[in-house]
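Below is one structure, written out as structure tokens; comments come after it.
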Amino acid sequence: MCDSRDVTQAAPAAQGAQAVLAKNDGLAASLRAELARRAVSVVNLLSSPGSGKTELLGRVLARAVERGVPVAALTADLATENDARRLARSGAPVKQLLTDGLCHLEARQLRGHVDSWLPEDTALLFVENVGNLVCPASYDLGESLRIVLMAVTEGEDKPLKYPTAFGSAHLVVLTKMDLAGPAGFDPAAFDAHVRRVNPGVEIVRSCARTGDGVDTVLERVLAARDGAPVHRPPLAPHPHGHVHEHAQADSGLAAGRVS
């Protein structure tokens, strides 16, 4: 879906892509309903490579385990099981999902692991998507919550460059805040760019090295699991399609907050 094509091929290619997304949407809707019956909340984590999401997720998992939350994690990569080994140190059940070159996860892949691996008592499942802010943003996985992460080293204007990803986030997490000074990062400019594509979304500032923001991320996820109102992004990943524009963003969980 990411290759260049002659203009004469553009229409058939677009139709094919829409058919693939429509099929995924159907599978995601079915999976979402099944997970709701099982009382499992799924959190889909999206970011570029090198954002620090694996390290931050490991800290969140460890904190959840300490608190007795029945949590598990699936982590996706094109190759190696390195991230699964890192996340397993948290004490949570972790499974590596290898995509064999695919640049994103799809609902069918998640369903296969839910059916064959997910521990029965799981209440909270984190899915660490492939490091990519393009294709993963268009694929609904049946998640309850979509979190988009970005490191301060990636530049303040990244939300404007990847509006589909940031515009579909229920929560935005800014990582590696300990490097904001050396990187010359402007948090206020970043906040403004995020709000331009996703008005009202909460932005959490974090640092896995110091632990800043870890508890906040977990609290937001648990609140959503327990039924607290969730921010409704302008490009919602569900329930009726891969991304859909709404007339306005509803005020939801911690709407507009910077943490």
Side-chain angles (χ1 to χ4, degrees), residues 28 32 35 40-61 63-64 69 71-76 83 87 90 92 104-105 110 124-152 154 158-159 162-177 190-191 194-195 197-198 200-208 212-226 228-238 243 249 252-259:
R32 181 174 290 107
L35 290 168
V40 179
S41 293
V42 177
V43 182
N44 185 7
L45 302 178
L46 275 65
S47 79
S48 298
S51 69
K53 71 177 179 296
T54 303
E55 186 66 25
L56 184 66
L57 175 56
R59 293 293 192 100
V60 172
L61 291 173
R63 197 64 52 88
V69 178
V71 65
L74 277 169
T75 180
D83 284 353
L87 293 176
S90 68
H104 59 273
L105 285 181
L110 183 58
L124 188 59
L125 173 63
F126 284 91
V127 179
E128 184 183 19
N129 217 312
V130 179
N132 181 355
L133 281 178
V134 184
C135 295
S138 295
Y139 283 83
D140 182 4
L141 300 183
E143 67 258 34
S144 313
L145 203 66
R146 177 176 289 196
I147 300 178
V148 175
L149 304 92
M150 193 200 91
V152 298
E154 298 178 61
K158 196 148 197 174
Y162 298 90
T164 301
F166 283 90
S168 65
H170 299 102
L171 181 70
V172 172
V173 177
L174 187 60
T175 64
K176 303 186 182 182
M177 282 301 297
F190 172 76
D191 294 349
V194 170
R195 299 276 159 64
V197 299
N198 195 342
V201 70
E202 181 181 5
I203 301 167
V204 176
R205 310 212 195 287
S206 71
C207 175
D212 291 347
V214 171
D215 287 324
T216 302
V217 171
L218 181 57
E219 288 298 336
R220 300 296 182 264
V221 170
L222 293 177
R225 180 203 63 174
D226 294 339
V230 175
H231 168 72
R232 192 181 187 190
L235 297 177
H238 62 74
V243 286
L253 177 63
R257 183 185 301 174
V258 175
S259 303

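Side chains included, hydrogens not; waters and symmetry mates left out as well; all remaining heavy atoms used.
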Handout entry: Parallel, tilted or perpendicular: rings of F166 and F190 (30°, 60°)
Key = perpendicular

Problem - Student check: side-chain heavy atoms of K158 and L133 closer than 4.5 Å - result: yes

Practice task
Using atom types as modelled and distance alone, determine if a side-chain donor or acceptor of E154 lies under 3.5 Å from a backbone N or O of A151.
Solution key: yes

Handout entry: For R225, side-chain hydrogen bond (donor to acceptor under 3.5 Å, both in side chains) partners two or more places apart
Key = none

Problem - From CG (L105) to SG (C135), nearest 0.5 Å - result: 11.5 Å

Practice task
Rounded to the nearest 0.5 Å, what's the gap from CG on L87 to CD on E128? Could you check?
Solution key: 5.5 Å

Problem - Distance-minimising heavy-atom pair for S47 and L149 - result: CB-O, 3.3 Å

Practice task
Check whether any side-chain N or O of T175 sits under 3.5 Å from a backbone N or O of S51 as a donor-acceptor pair, and report yes or no.
Solution key: yes

Exercise for the section: Check whether any side-chain heavy atom of N198 lies under 4.5 Å from a side-chain heavy atom of P234, and answer yes or no. Expected result: yes

Handout entry: Non-hydrogen side-chain atoms of R205 and L174 separated by less than 4.5 Å
Key = yes

Problem - Main-chain N/O of E143 paired with R32 side-chain donor or acceptor, under 3.5 Å - result: yes

Completion exercise
Scanning both residues in full, the closest heavy-atom pair of G58 with S90 reads O-CB, 3.7 Å

Problem - Nearest-0.5 Å distance that lies between atom CG in L145 and atom NE2 in H231 - result: 10.5 Å

Practice task
Provide the closest heavy-atom pair for M177 versus C207 in the form atom of the first, atom of the second, distance.
Solution key: N-CB, 4.2 Å

Practice task
Calculate, to the nearest 0.5 Å, the distance between atoms CG and CG belonging to L218 and L124 respectively.
Solution key: 7.5 Å

Completion exercise
Output for pair (N129 CG, L74 CG), nearest 0.5 Å, gives 10.5 Å

Exercise for the section: Using atom types as modelled and distance alone, determine if a side-chain donor or acceptor of R195 lies under 3.5 Å from a backbone N or O of V201. Expected result: yes

